[in-house]
Number of protein chains: 2
Amino acid sequence: MDSAPPTPPSSPPSSPWLPFESRRRARDEKREAVLRAAVQLFLEQGYHRVTLNEVAERLNITKPALYNYFRGKDEILFECWSMGAELVDSVITEINAGSGSGLARLRKLVHAYAALMATDFGASLVRFDLRDLTERNAAVARAAKKRIDATFRDYIAAGMADGSIKACDPKLAAFAIAGSLNWIGHWYRRDGGLSPTAIADEFTARLTEGLAAAGPQHTIKKKPGAPQRRNPGRKTTGKKRTGGGTR
Amino acid sequence: MDSAPPTPPSSPPSSPWLPFESRRRARDEKREAVLRAAVQLFLEQGYHRVTLNEVAERLNITKPALYNYFRGKDEILFECWSMGAELVDSVITEINAGSGSGLARLRKLVHAYAALMATDFGASLVRFDLRDLTERNAAVARAAKKRIDATFRDYIAAGMADGSIKACDPKLAAFAIAGSLNWIGHWYRRDGGLSPTAIADEFTARLTEGLAAAGPQHTIKKKPGAPQRRNPGRKTTGKKRTGGGTR
DNA sequence: CCGATATATTACCCGCAGGTAAGAAAAAGT
DNA sequence: ACTTTTTCTTACCTGCGGGTAATATATCGG
């Protein structure tokens, strides 16, 4: 079918954008535009109150055109959710790749997760109802959630093992922290007085100070300005999907 | 008041409409039975997926009979929500009537609120979407939420004033605590391994330990076994409604 | 310029669930 | 026993919104 066209047979740099590539790219961009419009509307009004006509209208197209990119409304919902899940996954991967004590890792995770909750796709992780998905997709989503939850617990357990976190029940501690963070997705408003980074900083401190073992090495060191890059996960085109939008 | 009815055999949550026989009972009890059935279904399946036929069926009646007690589906939702709000309100009233430092009050609130989140009407407070309500009822609900949030902040501020809580931002601290508690309503399952009181105890400790000012007088004293009474707020009949279910 | 392939549109279907009308069946009043 | 009132049922209406079929329009390969 579409063998990857690494380089065109005979066309010199005169026309660097091959029709192939550009076409597929245009398609992906449109697909993503649909998701952006949809996630915004879903968050604003709630999934059930948003009609596909509205989604289409916001994109200056008509409803059936959406079916060129998605099989149905619930698949759009799932793909929005997956976008958020991928963001979290990439955060976790990055932290795992780095080094640090359990507490340090936990703080990184809390910070990044808090900031994510202030984005559309991030908030969709906790504000969408998985029961609106097909059973198959819901299972994928549940699995992803479980992985995230496990990561919190792992970091806490690791922290207890390496002495950076004092003794506690990892399960309930993780619930408490994750719950607090997830709730951000419910109350955060872009037009509110709080910036995402301010929230992330404050929550990082507030949620981990109770866990830190006594000792000078576990005090909170504020990171320098280092502006976290916006839009962390948009580097590659052919990302592995979290699960594939199977029906 | 409600003496255990002679319910001989029959089904799960006792339904006043036991097939065909004795269908006479106080109107209010029937009304409340509708709410209990509804809140359960709404939490189980989600408001939009529950049909009035299902609600009615569970009560051994038919859909239009519901309209003798409620004006429509959204009013049922609102009344369920209000039940939860009343429970919280009575908790707050009780704490305000008592004495104690800001921290002590906060701990009482956290404990009671955590336990409430493990009940149906309590969970409905955070799991129902206010956008499903009429604008008028939604406004009532928003006001109630705001009052609750204000109470958290007040206790924290009071604690800072009386020295039982160390310096922090009351607004964000309240968000962190309330978020953590609210999330209980999303993950708690009756059939899980955790009892409501265990959760409440643990969360009370976990969420306030980071706030307590240094000093011996602010350590956590575990309450003795004293089994909190189930069903705390059901004493009076003519309760003032939170706002009256106006349309 | 001509098919082929995507992409979008107009017009339609239809199932579902909230809501209502009219009247039966109890309960209560007399 | 009769009306009257409350409660509940059967049968129906209706609008909304997801999804589809048939068709037009652009784009590309040649």
Side-chain angles (χ1 to χ4, degrees), chain A residues 1-3 5 8-11 15 17-34 37-38 41-42 45-80 131-134 137 245 247, chain B residues 15-34 37-38 41-42 45-79 131-134 137 245 247:
Chain A
M1 302 301 149
D2 77 329
S3 55
S10 61
S11 73
S15 170
W17 287 11
L18 300 321
F20 283 162
E21 196 73 358
S22 114
R23 203 147 162 98
R24 202 176 64 80
R25 198 181 184 105
R27 194 188 158 81
D28 283 355
E29 274 176 31
K30 286 183 190 170
R31 219 184 116 99
E32 203 177 305
V34 173
L41 285 169
F42 289 164
Q45 314 183 28
Y47 178 67
H48 294 283
R49 274 171 296 277
V50 175
T51 70
L52 290 184
N53 278 321
E54 286 178 275
V55 176
E57 195 179 3
R58 179 163 296 203
L59 295 162
N60 297 317
I61 56 176
T62 57
K63 174 175 63 171
L66 296 173
Y67 285 82
N68 281 317
Y69 305 99
F70 302 95
R71 293 188 173 199
K73 194 186 184 189
D74 64 287
E75 189 177 297
I76 297 180
L77 187 72
F78 176 69
E79 295 293 340
C80 289
R131 291 171 297 196
D132 289 321
L133 271 38
T134 58
N137 284 343
R247 290 261 234 193
Chain B
S15 164
W17 278 281
L18 297 175
F20 242 34
E21 246 336 274
S22 77
R23 289 189 165 166
R24 66 199 98 140
R25 226 140 188 191
R27 197 185 153 81
D28 282 355
E29 279 181 29
K30 288 186 187 170
R31 222 184 114 96
E32 202 177 307
V34 173
L41 285 169
F42 288 164
Q45 310 182 31
Y47 178 68
H48 294 283
R49 273 172 296 277
V50 176
T51 72
L52 291 183
N53 278 321
E54 285 177 276
V55 176
E57 194 179 5
R58 180 165 295 201
L59 295 162
N60 298 318
I61 58 176
T62 57
K63 175 177 63 174
L66 297 172
Y67 285 82
N68 282 316
Y69 305 98
F70 302 94
R71 293 188 172 195
K73 195 187 183 187
D74 64 287
E75 187 176 299
I76 297 181
L77 187 72
F78 176 71
E79 295 293 340
R131 291 171 296 196
D132 289 321
L133 271 37
T134 58
N137 283 344
R247 291 259 232 189

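Any value given below was found using the heavy atoms of this structure, including those in side chains, with hydrogens, waters and symmetry copies removed. Computed from a prediction, not measured in an experiment: that's the story for all the values here. Per chain, numbering begins at 1; letters A, B, ... match sequence-line order.
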* **From CD1 (A/Ile61) to CG (A/Asn53), nearest 0.5 Å** => 10.5 Å
* Starting from C1' on D/dA11, measure out to CG on B/Asn53 and report it in whole angstrom. => 13 Å
* Rounded off to whole Å, could you give me the CD-to-C1' distance for the A/Glu54 and D/dG17 pair? => 11 Å
* Structure fact -> B/Lys73 and B/Phe42 have their tightest heavy-atom pair at CE-CE2, 4.4 Å
* Using a cut-off of less than 4.0 Å, is there contact between a side-chain N or O of B/Arg27 and OP1 or OP2 of D/dT7? -> yes
* Value in whole Å for how far the P atom of D/dT7 lies from CG of B/Asn68 -> 6 Å
* Asked: Once you round it to whole Å, what is the distance between C1' of C/dT9 and CG of A/Leu52?
  -> 16 Å
* Rounded interatomic separation in angstrom, taking CG from A/Asp132 and P from D/dG17 -> 15 Å
* Residues in contact with DNA chain D, drawn from residues 57-65 of chain A - heavy-atom cutoff 4.0 Å -> A/Lys63, A/Pro64
* To do: Identify which nucleotide among D/dC8, D/dG17, C/dA17 has an atom closest to any side-chain atom of B/Thr51, counting heavy atoms from C-beta outward.
  => C/dA17
* Can you tell which of C/dA17, C/dT20, C/dT7 lies closest to the side chain of A/Tyr69? -> C/dT7
* To do: Kindly compute the distance separating CG (B/Leu77) from CG (B/Asn137), expressed to the nearest 0.5 Å.
  => 9.5 Å
* Asked: Just by distance, with hydrogens left out, do A/Asp132 and B/His48 show a side-chain donor and acceptor under 3.5 Å apart?
  -> no
* Atom-pair distance (CZ on A/Arg49; P on D/dG15), nearest Å -> 22 Å
* Structure fact -> To the nearest angstrom, the NE2-C1' distance between B/His48 and C/dC16 comes to 15 Å
* Asked: Hey, what do you get for CZ (B/Arg31) to CG (B/Asp28), rounding to the nearest 0.5 Å?
  -> 7.5 Å
* Counting heavy atoms not belonging to B/Glu57, are there more than 12 under 6.0 Å from its CD? -> no
* Can you tell me how far OH of A/Tyr67 sits from CD of A/Glu75, rounded to the nearest 0.5 angstrom? -> 10.5 Å
* Asked: How is A/Val55 classified with respect to the nucleic acid when contacts are heavy atoms under 4.0 Å: base, sugar-phosphate, or nothing?
  -> nothing
* N or O in side chain of B/Tyr67 less than 4.0 angstrom from C/dG19 OP1/OP2 -> yes
* What integer distance in Å separates B/Leu66:CG from D/dC8:P? -> 10 Å
* Asked: So which nucleotide from D/dC8, D/dG19, C/dT7 ends up closest to the side chain of B/Lys30?
  -> D/dC8
